[in-house]
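Naming: A, B, ... by sequence-line order, numbering from 1 per chain.
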Number of protein chains: 2
Amino acid sequence: MISSSLSQEITALHADICSALADPVRILILYALNEKPSNVSALAEELGITQSAASRHLNVLRERGLVISQRDGQSVVNMLADSRVIQALDLLRAVLTSKLKNQAALAETIEPSETE
Amino acid sequence: MISSSLSQEITALHADICSALADPVRILILYALNEKPSNVSALAEELGITQSAASRHLNVLRERGLVISQRDGQSVVNMLADSRVIQALDLLRAVLTSKLKNQAALAETIEPSETE
DNA sequence: TGAATTTATGCGTATATCTGCATACATGGT
DNA sequence: ACCATGTATGCAGATATACGCATAAATTCA
(Lines give C-alpha, C1' and ligand atoms only; values in the text may rest on other atoms or scores of the structure.)
Protein backbone atom coordinates (compact mmCIF):
# COMPACT_ATOMS: atom_id res chain seq x y z
CA MET A 1 0.00 0.00 0.00
CA ILE A 2 2.80 2.36 0.83
CA SER A 3 4.32 2.21 -2.62
CA SER A 4 1.04 2.75 -4.49
CA SER A 5 0.15 5.78 -2.41
CA LEU A 6 3.75 6.86 -2.76
CA SER A 7 3.46 7.14 -6.53
CA GLN A 8 0.24 9.05 -6.05
CA GLU A 9 2.06 11.36 -3.71
CA ILE A 10 4.80 11.90 -6.27
CA THR A 11 2.27 12.65 -8.97
CA ALA A 12 0.67 15.16 -6.62
CA LEU A 13 4.03 16.84 -6.07
CA HIS A 14 4.63 16.76 -9.80
CA ALA A 15 1.35 18.58 -10.27
CA ASP A 16 2.29 21.05 -7.53
CA ILE A 17 5.40 21.98 -9.46
CA CYS A 18 3.34 22.45 -12.60
CA SER A 19 0.85 24.61 -10.68
CA ALA A 20 3.74 26.86 -9.79
CA LEU A 21 4.17 27.51 -13.51
CA ALA A 22 0.48 28.04 -14.13
CA ASP A 23 0.48 31.78 -13.73
CA PRO A 24 1.71 34.42 -16.21
CA VAL A 25 3.36 36.51 -13.52
CA ARG A 26 5.26 33.57 -12.09
CA ILE A 27 6.48 32.63 -15.55
CA LEU A 28 7.83 36.14 -15.96
CA ILE A 29 9.43 35.94 -12.52
CA LEU A 30 11.17 32.69 -13.37
CA TYR A 31 12.54 34.04 -16.63
CA ALA A 32 13.66 37.21 -14.85
CA LEU A 33 15.44 35.23 -12.12
CA ASN A 34 17.05 33.16 -14.82
CA GLU A 35 18.64 36.36 -16.08
CA LYS A 36 19.77 37.46 -12.65
CA PRO A 37 18.91 36.97 -8.97
CA SER A 38 16.78 39.72 -7.55
CA ASN A 39 14.89 40.84 -4.49
CA VAL A 40 11.17 41.24 -4.08
CA SER A 41 10.72 44.93 -4.66
CA ALA A 42 13.12 45.11 -7.59
CA LEU A 43 11.22 42.28 -9.20
CA ALA A 44 7.91 43.96 -8.48
CA GLU A 45 9.03 47.15 -10.17
CA GLU A 46 10.61 45.35 -13.11
CA LEU A 47 7.40 43.43 -13.81
CA GLY A 48 5.01 46.22 -12.95
CA ILE A 49 3.21 44.43 -10.17
CA THR A 50 2.64 45.30 -6.53
CA GLN A 51 5.17 44.30 -3.90
CA SER A 52 2.47 42.24 -2.26
CA ALA A 53 1.82 40.21 -5.38
CA ALA A 54 5.52 39.68 -6.00
CA SER A 55 6.07 38.49 -2.44
CA ARG A 56 3.23 35.99 -2.62
CA HIS A 57 4.26 34.65 -6.01
CA LEU A 58 7.81 34.21 -4.82
CA ASN A 59 6.50 32.37 -1.81
CA VAL A 60 4.64 29.94 -4.06
CA LEU A 61 7.78 29.33 -6.08
CA ARG A 62 9.75 28.84 -2.87
CA GLU A 63 7.26 26.37 -1.41
CA ARG A 64 7.47 24.29 -4.58
CA GLY A 65 11.24 24.40 -4.48
CA LEU A 66 11.69 26.31 -7.73
CA VAL A 67 13.25 29.36 -6.15
CA ILE A 68 15.77 29.70 -3.38
CA SER A 69 15.94 32.79 -1.21
CA GLN A 70 18.55 34.06 1.15
CA ARG A 71 18.74 37.16 3.21
CA ASP A 72 21.34 39.72 2.23
CA GLY A 73 21.20 42.57 4.67
CA GLN A 74 17.82 44.22 4.52
CA SER A 75 16.70 42.51 1.38
CA VAL A 76 16.13 38.90 0.41
CA VAL A 77 17.77 37.71 -2.77
CA ASN A 78 15.82 35.20 -4.83
CA MET A 79 17.31 32.93 -7.43
CA LEU A 80 16.37 29.97 -9.57
CA ALA A 81 16.82 26.67 -7.78
CA ASP A 82 17.10 24.54 -10.90
CA SER A 83 17.59 25.76 -14.45
CA ARG A 84 15.77 22.72 -15.81
CA VAL A 85 12.60 24.59 -14.97
CA ILE A 86 13.52 27.07 -17.68
CA GLN A 87 14.21 24.22 -20.08
CA ALA A 88 10.76 22.85 -19.37
CA LEU A 89 9.17 26.26 -19.85
CA ASP A 90 11.01 26.67 -23.14
CA LEU A 91 9.76 23.29 -24.32
CA LEU A 92 6.19 24.23 -23.48
CA ARG A 93 6.61 27.57 -25.18
CA ALA A 94 7.78 25.70 -28.26
CA VAL A 95 4.67 23.53 -28.09
CA LEU A 96 2.63 26.71 -28.00
CA THR A 97 4.32 28.41 -30.94
CA SER A 98 4.03 25.26 -33.03
CA LYS A 99 0.34 25.20 -32.37
CA LEU A 100 -0.04 28.90 -33.17
CA LYS A 101 1.85 28.45 -36.43
CA ASN A 102 -0.36 25.55 -37.42
CA GLN A 103 -3.44 27.58 -36.68
CA ALA A 104 -2.13 30.51 -38.67
CA ALA A 105 -1.34 28.27 -41.62
CA LEU A 106 -4.77 26.71 -41.40
CA ALA A 107 -6.43 30.11 -41.29
CA GLU A 108 -4.40 31.10 -44.34
CA THR A 109 -5.79 28.24 -46.40
CA ILE A 110 -9.31 29.34 -45.57
CA GLU A 111 -9.05 33.11 -45.78
CA PRO A 112 -5.78 34.23 -47.40
CA SER A 113 -3.99 37.18 -45.72
CA GLU A 114 -6.68 38.28 -43.34
CA THR A 115 -4.67 40.54 -41.04
CA GLU A 116 -6.09 43.33 -38.94
CA MET B 1 0.83 48.76 -28.24
CA ILE B 2 -0.21 45.67 -30.11
CA SER B 3 3.16 44.02 -29.73
CA SER B 4 3.44 44.63 -25.98
CA SER B 5 0.00 43.19 -25.31
CA LEU B 6 0.91 40.44 -27.74
CA SER B 7 3.75 39.24 -25.55
CA GLN B 8 1.41 39.41 -22.58
CA GLU B 9 -1.02 37.32 -24.52
CA ILE B 10 1.65 34.77 -25.31
CA THR B 11 2.67 34.58 -21.67
CA ALA B 12 -0.97 34.03 -20.78
CA LEU B 13 -1.18 31.17 -23.28
CA HIS B 14 2.06 29.82 -21.93
CA ALA B 15 0.51 29.81 -18.46
CA ASP B 16 -2.61 28.17 -19.86
CA ILE B 17 -0.53 25.28 -21.10
CA CYS B 18 1.13 24.98 -17.73
CA SER B 19 -2.27 25.02 -16.01
CA ALA B 20 -3.21 22.05 -18.11
CA LEU B 21 -0.37 20.17 -16.40
CA ALA B 22 -1.30 21.37 -12.94
CA ASP B 23 -3.48 18.44 -12.00
CA PRO B 24 -2.40 14.94 -10.96
CA VAL B 25 -5.08 13.23 -13.01
CA ARG B 26 -4.18 15.12 -16.16
CA ILE B 27 -0.53 14.24 -15.71
CA LEU B 28 -1.51 10.59 -15.53
CA ILE B 29 -3.67 11.01 -18.61
CA LEU B 30 -0.83 12.55 -20.59
CA TYR B 31 1.58 9.76 -19.65
CA ALA B 32 -1.08 7.17 -20.47
CA LEU B 33 -1.73 8.74 -23.87
CA ASN B 34 1.98 8.83 -24.48
CA GLU B 35 1.93 5.04 -24.14
CA LYS B 36 -1.03 4.62 -26.44
CA PRO B 37 -4.03 6.57 -27.76
CA SER B 38 -7.22 5.81 -25.92
CA ASN B 39 -10.85 6.76 -25.61
CA VAL B 40 -12.57 8.41 -22.67
CA SER B 41 -14.06 5.44 -20.89
CA ALA B 42 -11.02 3.21 -21.30
CA LEU B 43 -8.92 5.96 -19.81
CA ALA B 44 -11.39 6.45 -16.99
CA GLU B 45 -11.25 2.79 -16.08
CA GLU B 46 -7.48 2.59 -16.41
CA LEU B 47 -7.00 5.50 -14.05
CA GLY B 48 -9.83 4.66 -11.70
CA ILE B 49 -11.76 7.89 -12.19
CA THR B 50 -15.31 8.58 -13.29
CA GLN B 51 -16.15 8.94 -16.95
CA SER B 52 -17.31 12.45 -16.22
CA ALA B 53 -13.98 13.46 -14.76
CA ALA B 54 -12.06 11.87 -17.61
CA SER B 55 -14.16 13.68 -20.19
CA ARG B 56 -13.69 17.06 -18.57
CA HIS B 57 -9.97 16.61 -18.10
CA LEU B 58 -9.57 15.56 -21.70
CA ASN B 59 -11.50 18.62 -22.70
CA VAL B 60 -9.08 20.83 -20.82
CA LEU B 61 -6.15 19.17 -22.53
CA ARG B 62 -7.86 19.57 -25.88
CA GLU B 63 -8.61 23.25 -25.35
CA ARG B 64 -4.96 23.87 -24.54
CA GLY B 65 -3.90 21.95 -27.61
CA LEU B 66 -2.05 19.19 -25.75
CA VAL B 67 -4.35 16.43 -26.88
CA ILE B 68 -5.96 15.73 -30.24
CA SER B 69 -9.18 13.79 -30.53
CA GLN B 70 -10.87 12.18 -33.44
CA ARG B 71 -13.99 10.16 -33.70
CA ASP B 72 -13.62 6.49 -34.54
CA GLY B 73 -17.06 4.97 -34.78
CA GLN B 74 -18.82 5.24 -31.48
CA SER B 75 -15.82 6.26 -29.51
CA VAL B 76 -13.45 9.20 -29.63
CA VAL B 77 -9.77 8.41 -29.72
CA ASN B 78 -7.49 10.78 -27.87
CA MET B 79 -3.79 11.13 -28.47
CA LEU B 80 -0.90 13.35 -27.51
CA ALA B 81 -0.58 16.37 -29.78
CA ASP B 82 3.09 16.99 -29.09
CA SER B 83 5.51 14.68 -27.32
CA ARG B 84 7.54 17.63 -26.11
CA VAL B 85 4.92 17.94 -23.40
CA ILE B 86 6.19 14.65 -22.02
CA GLN B 87 9.75 15.89 -22.24
CA ALA B 88 8.77 18.93 -20.22
CA LEU B 89 6.97 16.79 -17.66
CA ASP B 90 10.01 14.55 -17.38
CA LEU B 91 12.24 17.56 -16.79
CA LEU B 92 9.98 18.81 -14.05
CA ARG B 93 9.83 15.37 -12.51
CA ALA B 94 13.63 15.38 -12.48
CA VAL B 95 13.58 18.72 -10.70
CA LEU B 96 11.27 17.16 -8.14
CA THR B 97 13.35 14.06 -7.52
CA SER B 98 16.51 16.12 -7.19
CA LYS B 99 14.83 18.18 -4.55
CA LEU B 100 13.54 15.11 -2.72
CA LYS B 101 16.99 13.55 -2.76
CA ASN B 102 18.53 16.69 -1.35
CA GLN B 103 15.96 16.77 1.39
CA ALA B 104 16.54 13.12 2.19
CA ALA B 105 20.28 13.64 2.36
CA LEU B 106 19.79 16.67 4.56
CA ALA B 107 17.49 14.72 6.88
CA GLU B 108 20.10 11.99 7.05
CA THR B 109 22.74 14.36 8.34
CA ILE B 110 20.43 15.41 11.13
CA GLU B 111 18.81 12.12 12.11
CA PRO B 112 20.67 9.13 10.58
CA SER B 113 18.48 6.33 9.10
CA GLU B 114 15.14 7.43 10.39
CA THR B 115 12.86 5.27 8.21
CA GLU B 116 9.32 4.21 9.00
C1' DT C 1 -37.13 3.86 -36.01
C1' DG C 2 -35.49 2.17 -31.63
C1' DA C 3 -32.09 0.21 -28.45
C1' DA C 4 -27.28 0.14 -26.96
C1' DT C 5 -22.88 2.29 -26.36
C1' DT C 6 -19.90 6.14 -25.77
C1' DT C 7 -19.30 11.09 -24.68
C1' DA C 8 -20.49 15.49 -23.19
C1' DT C 9 -22.73 18.69 -19.98
C1' DG C 10 -25.98 21.31 -16.60
C1' DC C 11 -26.18 21.76 -11.75
C1' DG C 12 -24.82 22.43 -7.08
C1' DT C 13 -21.08 22.34 -3.86
C1' DA C 14 -16.51 22.52 -2.07
C1' DT C 15 -12.02 24.30 -2.44
C1' DA C 16 -8.30 27.04 -4.19
C1' DT C 17 -6.14 31.07 -5.99
C1' DC C 18 -5.22 36.02 -7.18
C1' DT C 19 -5.45 40.74 -5.98
C1' DG C 20 -4.98 45.30 -3.50
C1' DC C 21 -4.95 47.58 0.70
C1' DA C 22 -3.35 48.30 4.96
C1' DT C 23 -0.36 46.78 8.48
C1' DA C 24 2.81 43.91 10.92
C1' DC C 25 7.56 42.20 10.99
C1' DA C 26 12.62 42.24 10.22
C1' DT C 27 16.97 44.33 9.46
C1' DG C 28 20.39 48.03 9.26
C1' DG C 29 22.03 52.53 10.26
C1' DT C 30 22.15 56.63 13.25
C1' DA D 1 16.07 53.57 21.10
C1' DC D 2 14.38 55.25 16.77
C1' DC D 3 13.71 55.67 12.02
C1' DA D 4 14.12 54.06 7.20
C1' DT D 5 13.93 50.37 4.04
C1' DG D 6 12.54 45.97 2.54
C1' DT D 7 9.46 41.97 3.14
C1' DA D 8 5.55 39.23 4.73
C1' DT D 9 0.65 38.71 5.86
C1' DG D 10 -4.44 39.20 7.57
C1' DC D 11 -8.49 40.44 5.33
C1' DA D 12 -12.20 40.59 1.99
C1' DG D 13 -13.90 40.10 -2.55
C1' DA D 14 -13.68 38.16 -7.14
C1' DT D 15 -12.76 34.33 -10.07
C1' DA D 16 -11.59 29.68 -11.25
C1' DT D 17 -11.53 24.81 -10.90
C1' DA D 18 -12.74 19.96 -9.56
C1' DC D 19 -16.11 16.74 -8.44
C1' DG D 20 -20.22 13.46 -8.59
C1' DC D 21 -24.70 12.77 -10.05
C1' DA D 22 -27.96 12.60 -13.34
C1' DT D 23 -29.10 13.41 -18.01
C1' DA D 24 -28.62 14.97 -22.69
C1' DA D 25 -26.34 14.23 -27.19
C1' DA D 26 -24.03 11.60 -30.73
C1' DT D 27 -23.21 7.44 -33.14
C1' DT D 28 -23.75 2.61 -34.48
C1' DC D 29 -26.32 -1.45 -35.27
C1' DA D 30 -30.46 -4.30 -35.57
**Student:** Would you mind telling me which of B:D72, B:V67, B:V77 makes a side-chain contact (heavy atoms from CB on, under 4.5 Å) with B:P37?
**Tutor:**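 Exactly one pass, corresponding to B:V77.
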
**Student:** Identify whether any heavy atom of B:S75 sits under 4.0 Å from a base atom; if not, whether one sits that close to sugar-phosphate; answer base, sugar-phosphate or nothing.
**Tutor:** sugar-phosphate

**Student:** For A:L58 and D:dT9, what is the distance between atoms CG and C1' respectively, to the nearest whole Å?
**Tutor:** 15 Å

**Student:** Just to confirm, is there a sub-4.0 Å distance from OP1 or OP2 of C:dT19 to any side-chain nitrogen or oxygen of A:H57?
**Tutor:**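 Looking at the OP1 and OP2 atoms of C:dT19, one of them is under 4.0 Å from a side-chain N or O of A:H57.
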
**Student:** Under the criterion side-chain contact (heavy atoms from CB on, under 4.5 Å), which of A:L30, A:I29, A:L43 is the partner of A:H57?
**Tutor:**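 Output: one option passes, namely A:I29.
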
**Student:** From CG of B:D72 over to P of D:dA26, roughly how many Å is that when rounded to an integer?
**Tutor:** 19 Å

**Student:** Quick one: B:R64 CZ to D:dA16 C1', roughly how many Å, whole number?
**Tutor:**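 In whole Å, D:dA16 C1' lies 11 Å from B:R64 CZ.
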
**Student:** With nearest nucleotide decided by heavy atoms, which residue, B:S52 or A:I49, maps closer to the 5′ end of DNA chain C?
**Tutor:** B:S52

**Student:** Check the distance between D:dA16's P and B:E63's CD and give it to me in whole angstrom.
**Tutor:** 13 Å

**Student:** State whether the side chain of A:R64 and the backbone N or O of A:D16 hold a donor-acceptor pair below 3.5 Å, judged by distance alone.
**Tutor:**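 Yes, A:R64 side chain to A:D16 backbone: donor-acceptor pair under 3.5 Å.
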
**Student:** Quickly work out the A:L43 CG to D:dG6 P distance and round it to whole Å.
**Tutor:** 14 Å

**Student:** Please check the phosphate of C:dT7 (OP1 and OP2 only) for any side-chain N or O of B:S55 closer than 4.0 Å.
**Tutor:** no

**Student:** In whole Å, I'd like the distance from the CD atom of B:E46 to the C1' atom of C:dT6.
**Tutor:** 17 Å

**Student:** Report yes if a donor N or O on one partner sits less than 3.5 Å from an acceptor N or O on the other, where the partners are the side chain of A:R71 and the base of C:dG28; otherwise report no.
**Tutor:** no

**Student:** Counting heavy atoms from C-beta on, name the nucleotide in C:dT19, D:dT7, C:dT9 closest to the side chain of A:R56.
**Tutor:** C:dT19

**Student:** Please tell me which of the listed nucleotides, C:dA8, D:dA18, C:dC18, lies nearest to the side chain of A:R26?
**Tutor:** C:dC18

**Student:** Does any donor-acceptor pair link the side chain of A:Q51 with the base of D:dA8 at a separation under 3.5 Å?
**Tutor:** yes

**Student:** Going through the distances and angles, do A:V76 and A:R71 end up as a side chain to side chain contact (heavy atoms under 4.5 Å, CB included)?
**Tutor:** CA-CA 4 Å; A:V76 175; A:R71 188 132 221 148; 4.1 Å; yes

**Student:** Between D:dG20, D:dT7, C:dT7, which nucleotide gets closest to the side-chain atoms of A:N39?
**Tutor:**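 Closest of the options to the side chain of A:N39: D:dT7.
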
**Student:** How many whole angstroms separate atom CD of A:Q70 from atom C1' of D:dT7?
**Tutor:** 16 Å

**Student:** Rounded to whole angstroms, how far apart are CG on B:D16 and C1' on D:dA16?
**Tutor:**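 It works out to 12 Å between those atoms.
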
**Student:** Given that B:S41 and A:S19 both sit by DNA chain C, which one's nearest nucleotide is further toward the 5' end?
**Tutor:** B:S41

**Student:** Measure from the side-chain N and O atoms of A:S55 to the backbone N and O of A:S52, and report whether any donor-acceptor pair falls under 3.5 Å.
**Tutor:**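 A pair under 3.5 Å: no.
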
**Student:** If you check every side-chain atom of A:V60, which of C:dG20, D:dA8, C:dC18 has the closest atom?
**Tutor:** C:dC18

**Student:** Considering only heavy atoms and no angle criterion, is a donor-acceptor pair shorter than 3.5 Å present between the side chain of A:Q74 and the base of D:dT5?
**Tutor:**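 Looking at the base of D:dT5, it does pair with a donor or acceptor on the side chain of A:Q74 (distance under 3.5 Å).
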
